Every structure is written in C-alpha cells, then in structure tokens.
Amino acid sequence: MLHERLSSIYENVLRRNPGEIEFHQAVREVLESIGPVLGKHPEYAESKIIERICEPERQIIFRVPWEDDRGEVHINRGFRVEFNSALGPYKGGLRFHPSVYLGIVKFLGFEQIFKNSLTGLPIGGGKGGSDFDPKGRSEREIMRFCQSFMTELYRHIGEYTDVPAGDIGVGGREVGYLFGQYKRITNRYESGVITGKGLSYGGAQVRTEATGYGCAFFVDEMLKARGTSFDGKRVVVSGSGNVAVYTIEKIRQLGGVVVACSDSSGYVVDEKGIDLDLLKQVKQVERQRMNVYAERRGSQAVFVSGRSIWEVPCEVAMPSATQNEITGRDAGLLVGNGCVAVGEGANMPTTPEGIRIFQEAGVAFGPGKAANAGGVATSALEMQQNASRDSWTFEFSENRLQQIMRDIHSRCLNTAAEYGMPGDYVAGANIDGFKRVADAMLSLGLI
Ligand SMILES: NC(=O)C1=CN([C@@H]2O[C@H](COP(=O)(O)OP(=O)(O)OC[C@H]3O[C@@H](n4cnc5c(N)ncnc54)[C@H](O)[C@@H]3O)[C@@H](O)[C@H]2O)C=CC1
Ligand SMILES: O=C(O)CCC(=O)C(=O)O
C-alpha cells in the first residue's frame, strides 16, 4: 500500500513514463518502503526530493551504425540515462541485449542510485546500453559495434562526470574495446572513465569476481544473523555469466554445494556440485550453451530446457541472470521445497508477488540493491586506484569488499529495525539508500 502523497507521485510517474513497466515496478518498490521516512522528515516532501529522484537528470538516446563481417549495415539504438549525481559522478554499467529499451535502462539506473548510496562510496547513479544482440557475432563485429557505440558516448562521460562499466553482454572484452576507442578519440589515457578494465591497462583486482563474491558474502551474513551458514547447504544459482560464475566460486569456498545453474537455453542439474573449471571453459572461453556443459560432464549432469530452474529443490536461491526471473509461482515452489534464503545477484530478479511470498514465509530475502552492490563498490575502488595511480593486491581488495558487504548488511538490518520492520532487508536497503541521497540533495539546493 502506498502512502497518499506517494501514491500521487507514483501516478505521475506512470503518466510521464508510459509503457516503461520495469521502471514503474522499480519506482513502486522504493515508494512502498519510504512512507515511514516522510513522517520523520517533512523537509524531503517540502523540497520535492522524491519527485526529483524519480526524474533522471539527463537521458541520452543515440544511433549506433555498424557494419557486419559481410559488409551489411546495421543500426542499433544506444542509451545512457544519467539519473542522479548528488553523491558523485553517475556510475553504472552498460547492457547489450536485444530486450534493451528506455524502460529497462531507467529501471536499472533508478536502482543504481540507491545501491550506490548504500555502498557508502562517492558514486551517483546511471545506466546505459543498447538493443544490440552480441549472440553469434564475431570478435571483429563486437569490436566494431563497441567502437561505434563509444564514438557517440565519449561526449557524455568522464572520470568526474559519468563512469560506465559492464552488465549483461558487456564484460572485460567489450570494456577493453570501449576504453580503447575512448582513448583514441580523446587522446587521453583517462583510466577512471570506465571500470571493469583488464589488469594490464588500469583494471583492479577482484572487480571481475566482485558482484558474485559480494553476493555470497551478503547471504553469508544473512545466514549468520539467523545462526546458520552456507556449510553443507544446497544452493541453486541462475545464469552462468559473470555474476553467476563468481557466486558459485565463493559459495563453494564457503562450504555450500551449488547443484544447478542456467542460461537462456535451459538449466543443468549436477547433484555432486557444478564443476567450476568446466563451466568457465564452456561459458567464458568457448562461449557455448549450457547443454555443452551437460554433454561433457556425462551421466553426472542433466540438461533441462523449457522449464524454470526454481523447481530444483534448494535451501538457498541466488538469482543471477535477469529481471523478473522469479515469479510468484517460482517463489511458492522454492518456499515449498524448503528454501531459507534468497540473495539477488541480478537486478530486480524477483517479481513483487515473489518478494511478498518470500517475506510472508520468513525467508531471509536480500534485495539486489544490497546483495549485488559489491560489483559497483569494487568499481569505486577501481576508480580510487586509478586516481592515485595505485594498484592493490587481490587479498587486500577482497577484504575491502567483504567489509563493505558486512557494512551494507548491518545498515539494512539496523535501518529496518529503526523503522519498525525488523528483518526486512528490502525496507532497510530502500530507506537507507534513499536517505543518504535525499540529504545530499537537500544540501546541494534546488538543482
Ligand atoms: N556484472 C556486474 O558487475 C553486475 C551485474 N548485475 C546484474 O547481474 C545480472 C547478470 O549480469 P552479468 O552476469 O554481468 O551478465 P552476463 O552477460 O555475464 O550473464 C548473463 C547471464 O544471464 C543469462 N540470461 C540472460 N537473460 C536470460 C533469460 N532471459 N533467461 C535465462 N537466463 C538469462 C545469460 O545466459 C547469462 O548466463 C544482471 O541482472 C545484471 O544487471 C548486478 C550488479 C553488477
Ligand atoms: O560497476 C559498475 O559501475 C556497475 C555495476 C552495475 O551495473 C550494477 O551494479 O548493476
């Protein structure tokens, strides 16, 4: 239920952003949490902080022409939504996927404001991407696309302005091509303009692993808060990209057994535990589909297509693929099969109905804004190292990441308790993330 004033703000968001259903969903979730804050802080309403947060500071949409290997010309659409810079330069990844349109980029950019705020680091919120589909494209085609994309984007970004990174379809390879083109066009070796770079040209240790590791650390904290741990727990992780692979790696180090993972073609169940070396070979080196993993693993693993991975029984679920991948039905299945904790590695992977079902069943539910914030936090550490021309060790960087995730976890719990919703990590994350941005916006005046 929305507080009366928030309900009218939400109606306005629906009217001003027609058809952008993912953006509506992300806004509604935050507005549903922050009602109690308005009672304590009438100054936020007086200065229309919420209305301002819901309106991006700047939205850039551009044409991305490129030529495939046969000489055919293609036109894609590029986006960068610079949502909020009260806390620092806009910060958030780029997504290359055919489903990308303004509503997806805006939901991701909106989430990023509160996530980045929760990290406690000086980063604002933004996101971008394109409806380009990298599937089946050659190395050269990917490079030409990235170069064309940056040929427009470079005007809008900079280490003090807006700092992109990766997301779905954009990993180390694409970040390299994007940075290379930025350097070429501007004639500046401005390392802090993008994060997720390779270690040989300004990247930071642990950034590749950070989102997955951070998410596992966050769930570990939730389990500890309930007097338990990953040790011996059966875990299901959806996806098999950057976030999923390093979530699986860290869960294994923490004593859990990941029995299933997936891609958009289906899922594999591997009862003895996913073979991480094989998974990395199939997905990161060969860029093959999930059935290839099952074929190579022999009788040990089963490949299933056309069904939901959430039917696989588990005690911990880590959705790490895409938005709205856990429906109400999936949440019901997970609860019925004894799931006790959910950590969102992906952004907004659980539908509102799914969240309600988890929370009513007493499942420890870690929302993406908190649970997957380790990626962007480590990007901020990459920017810090770039600015000081320094480079930290793996061990030091991982310790920083773990401490940041612990702090986010306790901030969510403490804030939820302070506002009378103990154990509600969604409310804790939304309120804490919101307050820091709102206070900065008040201090900066009407801008
Ligand atoms: N890369 C990062 O540092 C961060 C990523 N995220 C979020 O994590 C999620 C995964 O991102 P990455 O691992 O970086 O991307 P990726 O491109 O490396 O991997 C995406 C994975 O999701 C799967 N996938 C995509 N659409 C799917 C669908 N409709 N059904 C089933 N599987 C699907 C792909 O097959 C692939 O395995 C996204 O929601 C992203 O926004 C969140 C925080 C940081
Ligand atoms: O590392 C970054 O700047 C962005 C990560 C990201 O896109 C996310 O947190 O969803």
Side-chain angles (χ1 to χ4, degrees), residues 22 88-100 104-105 107-116 118-119 121 123-129 133-135 157 162-175 192-197 203-204 206-215 237-248 261-267 279 282-284 287-290 293 305-310 318-326 343-350 367-383:
E22 297 84 1
Y90 310 104
K91 184 84 194 87
L94 299 171
R95 176 177 292 191
F96 292 170
H97 192 272
S99 64
V100 167
I104 295 258
V105 182
F107 116 64
L108 290 164
F110 186 75
E111 294 267 305
Q112 204 79 45
I113 304 171
F114 307 98
K115 182 195 304 190
N116 295 4
L118 262 180
T119 67
L121 297 162
I123 39 180
K127 199 89 181 194
D133 186 358
K135 258 195 210 112
I157 61 175
D162 183 356
V163 184
D167 190 81
I168 292 178
V170 179
R173 171 180 66 175
E174 292 75 15
V175 167
V193 72
I194 190 165
T195 60
K197 299 180 294 295
V206 186
R207 176 61 190 91
T208 305
E209 296 83 357
T211 310
Y213 278 21
C215 198
V237 177
S238 64
S240 49
N242 171 268
V243 178
V245 162
Y246 294 102
T247 297
I248 296 172
C261 66
S262 63
D263 65 16
S264 49
S265 70
Y267 68 82
L279 184 68
V282 169
K283 297 305 290 188
Q284 297 181 336
R287 297 179 191 268
Q288 296 264 23
R289 312 299 291 157
M290 216 60 233
Y293 172 95
S305 69
R307 299 179 65 98
S308 164
I309 189 173
W310 307 116
M318 310 277 287
S320 309
T322 195
Q323 63 275 355
N324 291 327
E325 55 166 307
I326 299 188
E344 293 191 322
N347 285 308
M348 208 170 74
T350 314
K369 280 187 203 86
N372 72 39
V376 76
T378 308
S379 277
L381 302 183
E382 182 172 332
M383 291 162 72

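Numbers here simply count residues along the sequence, with the first being 1. One-based numbering, in listed order, for ligands and for the atoms of each. Since the model is a prediction, treat every value here as computed from it, not as a measurement.
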Hey, which atoms in ligand 2 end up nearer than 4.0 Å to a heavy atom of Gly166?
7 (O)
Is there side-chain contact between Phe110 and Lys127, with at least one heavy-atom pair below 4.5 Å?
no
Quick check on atom 34 (C) of ligand 1 - does any protein heavy atom sit closer than 4.0 Å to it?
no
Atom indices of ligand 1 within 4.0 angstrom of Asp263 heavy atoms, with elements:
31 (C), 32 (N), 35 (O)
Donor-acceptor pair, Lys369 side chain versus Gln112 backbone, under 3.5 Å?
no
Atom indices of ligand 1, in the order listed, that fall short of 4.0 Å to a heavy atom of Ala346:
7 (C), 8 (O), 9 (C), 39 (O)
Is a side-chain N or O of Ser238 found less than 3.5 angstrom from the main chain of Ser320, in a donor-acceptor match?
yes
Would you mind telling me if ligand 1 is within reach of the side chain of Arg207, the backbone, both or neither, using heavy atoms under 4.0 Å?
side chain
Using a 4.0 Å cutoff against the non-hydrogen atoms of Gly345, which atoms of ligand 1 qualify?
6 (N), 7 (C), 8 (O), 42 (C)
Sub-3.5 Å N/O-N/O distance, Lys115 and ligand 1:
no
Protein residue, atom and distance nearest to atom 9 (O) of ligand 2, heavy-atom basis:
Lys115 NZ, 2.7 Å
Any donor and acceptor pair, going by atom type alone, linking the side chain of Asn242 with main-chain N or O of Thr208 inside 3.5 Å?
yes
Look only at interatomic distance and state if Gly93 has a nitrogen or oxygen under 3.5 Å from any nitrogen or oxygen of ligand 2.
yes
So for Arg95 against ligand 1, with non-hydrogen atoms under 4.0 Å, the contacting part is side chain
Record the part of Ser320 in heavy-atom contact with ligand 1 below 4.0 Å; permitted values are side chain, backbone, both and neither.
backbone
Ignoring hydrogens and geometry, is there a side-chain-to-backbone donor-acceptor pair from Ser262 to Gly239 under 3.5 Å?
yes
Nearest neighbour in protein (non-hydrogen) for atom 1 (N) of ligand 1
Asn242 OD1, 3.7 Å
With heavy-atom distances below 4.0 Å as the criterion, list the atoms of ligand 2 near Lys127.
6 (C), 7 (O), 8 (C), 10 (O)
Heavy-atom distance under 4.5 Å between the side chains of Glu22 and Val105, does that happen here?
no
Selection from Ser264, Ala321, Ser262, Gly214 by shortest heavy-atom distance to atom 9 (C) of ligand 1:
Ala321
My understanding is that we take every heavy atom of each candidate and find the minimum distance to atom 16 (P) of ligand 1. Doing that for Ala371, Gly241, Ala377, which one comes out nearest?
Gly241
Nearest-neighbour protein heavy atom for atom 2 (C) of ligand 1, which is reported as residue plus atom name and distance
Thr211 OG1, 3.4 Å
Suppose we measure from atom 29 (N) of ligand 1 to each protein heavy atom; which comes out shortest, and what is that distance?
Thr322 CG2, 3.8 Å
Asp162 side chain to Ile157 main-chain N or O, any donor-acceptor pair under 3.5 Å?
no
For ligand 2, indicate whether the residue Arg207 contacts it via side chain, backbone, both or neither (heavy-atom separation under 4.0 Å).
side chain
Protein contact to atom 3 (O) of ligand 2 [nearest heavy atom, distance to 0.1 Å]:
Lys91 NZ, 2.6 Å
Strictly distance-based, threshold 3.5 Å: is any side-chain N or O of Glu174 a donor or acceptor partner for the main-chain N or O of Gly166?
no
Show your working on side-chain contact (heavy atoms from CB on, under 4.5 Å) between Ile326 and Glu344 and close with a plain yes or no.
CA-CA 10 Å; Ile326 299 188; Glu344 293 191 322; over 6 Å; no
Could you check if a side-chain atom of Asp167 sits within less than 4.5 angstrom of a side-chain atom of Asn347, using non-hydrogen atoms only?
yes
Taking atom 1 (O) of ligand 2 as the reference point, the nearest protein heavy atom with its distance
Ser379 OG, 2.5 Å
Heavy-atom closest pair, residues Pro319 and Gly343
CD-O, 3.2 Å
Donor-acceptor contact below 3.5 Å, side chain Lys91 vs main chain Val163
yes
Side chain, backbone, both or neither: which applies to Thr211 and ligand 2 if a contact is any heavy-atom pair less than 4.0 Å apart?
neither
Protein residue, atom and distance nearest to atom 15 (O) of ligand 1, heavy-atom basis
Ile168 CA, 3.4 Å
Looking only at non-hydrogen atoms, which of Gly166, Cys261, Gly169 approaches atom 17 (O) of ligand 1 most closely?
Gly169
Output yes when a side-chain donor or acceptor of Asp263 lies under 3.5 Å from a complementary backbone atom of Ser240, and no otherwise.
no
Glu111 side chain to Leu108 backbone, donor-acceptor under 3.5 Å
no
Is a donor on one side and an acceptor on the other found under 3.5 Å between the side chain of Arg207 and the backbone of Gly375?
yes
Answer with side chain, backbone, both or neither: which part of Val243 has a heavy atom less than 4.0 angstrom from an atom of ligand 1?
both
My understanding is that we take every heavy atom of each candidate and find the minimum distance to atom 37 (O) of ligand 1. Doing that for Ser240, Gly375, Gly266, which one comes out nearest?
Ser240
the protein heavy atom lying closest to atom 41 (O) of ligand 1 turns out to be Asp167 OD1, 2.6 Å
